[in-house]
There are 2 protein chains.
Amino acid sequence: MQKEHNLSKNQKIIFDLIDKSGGPMKAYSILFNVQKKGIKAPLQVYRALDKLVEIGKIHKIESRNAFIACQNSSCQVSKATAFSICESCENVSEISNSKLSKYLSNFSDSSGMKYSKYNLEFFGLCKKCKSK
Amino acid sequence: MQKEHNLSKNQKIIFDLIDKSGGPMKAYSILFNVQKKGIKAPLQVYRALDKLVEIGKIHKIESRNAFIACQNSSCQVSKATAFSICESCENVSEISNSKLSKYLSNFSDSSGMKYSKYNLEFFGLCKKCKSK
DNA sequence: TAACAGTATGTAATAATATAACATTTATAA
DNA sequence: TTATAAATGTTATATTATTACATACTGTTA
């Protein structure tokens, strides 16, 4: 059973915007879009983003400085994430592949490090862009 | 046989600095360190960094906005990278694990995407920090 | 060697991304 | 209800990265 996180007002406004956009959004683009709802300052956006990332409702696409709604219903926290990114159209999807996530979650090497989290970004051309 | 890239003056200065540091360095920290060598502007640093990344001499740690010298002698381009990052001491190492790289380089799914590149970042606690 | 193309450099200005500091308010739970 | 944590509002500023434009160097090849 997934813990219900009651989003605060700003968190809800920002999550809904990202979720509805269907793709990654950048912080200042979010800011621009929510100004009519009373959110005026970058920090208000970043605070909501931080919290949403923390509880796994969104993920940060590190290579793009952008945020995307979690597309994996079972994802409670952002501790094991994988994305595919089209370098042509910049389309981003979250990869839900249990073999991949199992492989990476169980990965360990001789470094003595205890891994508790990973983020993987694949780059390439999506179906559409490939055929252009 | 690895192609010899003759680094330009700025590229060499900046690569040597990062390489000698033994860890990840941020762009403006690099800038500060090379000002005595005549490199005065951010753009000079970023241009060298871009080129060094392109030819695989350094990699960008996306989650940290930092750059690290390639620790894998066979790495000619930054197209298949994996790092382990200690969230306590911020130590970063490049992971050279042929099983892992084989697994990821051959990864494909039903999305129709053709993957040509990936970057993986593992997070956790290193040996030292674990035992504190 | 002259002309060309490609790469690299120098410099100033500015854009884009993110956080610090401080005051106040709202929600949660003991 | 009172204490605590979480969230908000606001201003200022720090950090990361790029645009635009002028100049110089390097390696080809005619």
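We name chains A, B, ... by the order of the sequence lines, and we start the count at 1 in each one. Side-chain atoms are counted along with the backbone in the values below, which use heavy atoms only and exclude waters and symmetry mates.
- Taking 4.0 angstrom as the limit, B/S8 places none of its side-chain polar atoms (N or O) nearer than this to OP1 or OP2 of D/dT26.
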Once each nucleotide of nucleotides 24-30 of chain C is scored for protein heavy atoms under 4.0 Å, what B/S/- sequence comes out, 5' to 3'?
-------
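- With no hydrogens or angles considered, no side-chain donor-acceptor pair links A/N33 and A/Q35 at under 3.5 Å.
- An OP1 or OP2 oxygen of D/dT26 is reached within less than 4.0 angstrom by no side-chain nitrogen or oxygen of B/K9.
- Under the salt bridge (Lys or Arg N to Asp or Glu O under 4.0 Å) criterion, A/D16 pairs with A/K12, sequence neighbours left out.
- Partners of A/K117 according to the salt bridge (Lys or Arg N to Asp or Glu O under 4.0 Å) rule, which considers only residues two or more places apart in sequence or in another chain, are B/E87.
- Clustering of Ile, Leu, Val, Met, Phe, Trp and Tyr by side-chain heavy atoms under 4.5 Å joins A/L43 with none of the others.
- Residue B/F83 belongs to a hydrophobic cluster whose other members are B/I61, B/I68, B/I85, B/V92, B/F123, with links defined by side-chain heavy atoms closer than 4.5 Å.
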Kindly give the atom pairs (protein nitrogen or oxygen, nucleotide nitrogen or oxygen) under 3.5 Å for nucleotides 15-24 of chain D.
{"residue": "D/dT16", "atom": "OP1", "partner": "B/K26", "partner atom": "NZ", "Å": "2.2"}
{"residue": "D/dA17", "atom": "OP1", "partner": "B/K60", "partner atom": "NZ", "Å": "2.7"}
{"residue": "D/dA17", "atom": "OP2", "partner": "B/Y46", "partner atom": "OH", "Å": "3.0"}
{"residue": "D/dA17", "atom": "N7", "partner": "B/Y28", "partner atom": "OH", "Å": "2.7"}
{"residue": "D/dA17", "atom": "N6", "partner": "B/Y28", "partner atom": "OH", "Å": "3.0"}

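- Remark: B/Q44 is not in phosphate contact with C/dT9, judged by side-chain N or O atoms under 4.0 Å from OP1 or OP2.
- Other members of the hydrophobic cluster containing B/I95, listed by chain and number, are A/I95, A/L100, A/Y103, A/L104, A/F107, A/M113, A/Y115, A/Y118, A/L120, A/F122, B/L100, B/Y103, B/L104, B/F107, B/M113, B/Y115, B/Y118, B/L120, B/F122; membership follows side-chain contacts under 4.5 Å among ILVMFWY residues, whether direct or relayed.
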Stepwise side chain to side chain contact (heavy atoms under 4.5 Å, CB included) test for A/I18 and A/L49:
CA-CA 10 Å; A/I18 299 172; A/L49 290 173; 3.8 Å; yes
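- Within the 4.0 Å cut-off from OP1 or OP2 of D/dA7, at least one side-chain nitrogen or oxygen of A/K51 is found.
- DNA chain D lies under 4.0 Å from no heavy atom of any residue of residues 13-24 of chain B.
- Defining each end axis of the helix from C/dT1-D/dA30 to C/dA30-D/dT1 as the rotation carrying four pairs' C1' atoms onto the next four, with five pairs an end, the two axes are found to diverge by 40° to 10 degrees.
- Listed by chain and residue number, nothing satisfies the side chain to side chain donor-acceptor pair (under 3.5 Å) test with B/K127 (two or more places apart in sequence, or in another chain).
- With sequence neighbours excluded, the residues forming a side chain to side chain contact (heavy atoms under 4.5 Å, CB included) with A/K9 are A/I13, listed by chain and number.
- Every residue two or more places apart in sequence or in another chain was checked for a side chain to side chain donor-acceptor pair (under 3.5 Å) with B/S96, and none qualifies.
- Look at CD on A/E62: it is 12 Å from C1' on C/dT17, rounded to the nearest Å.
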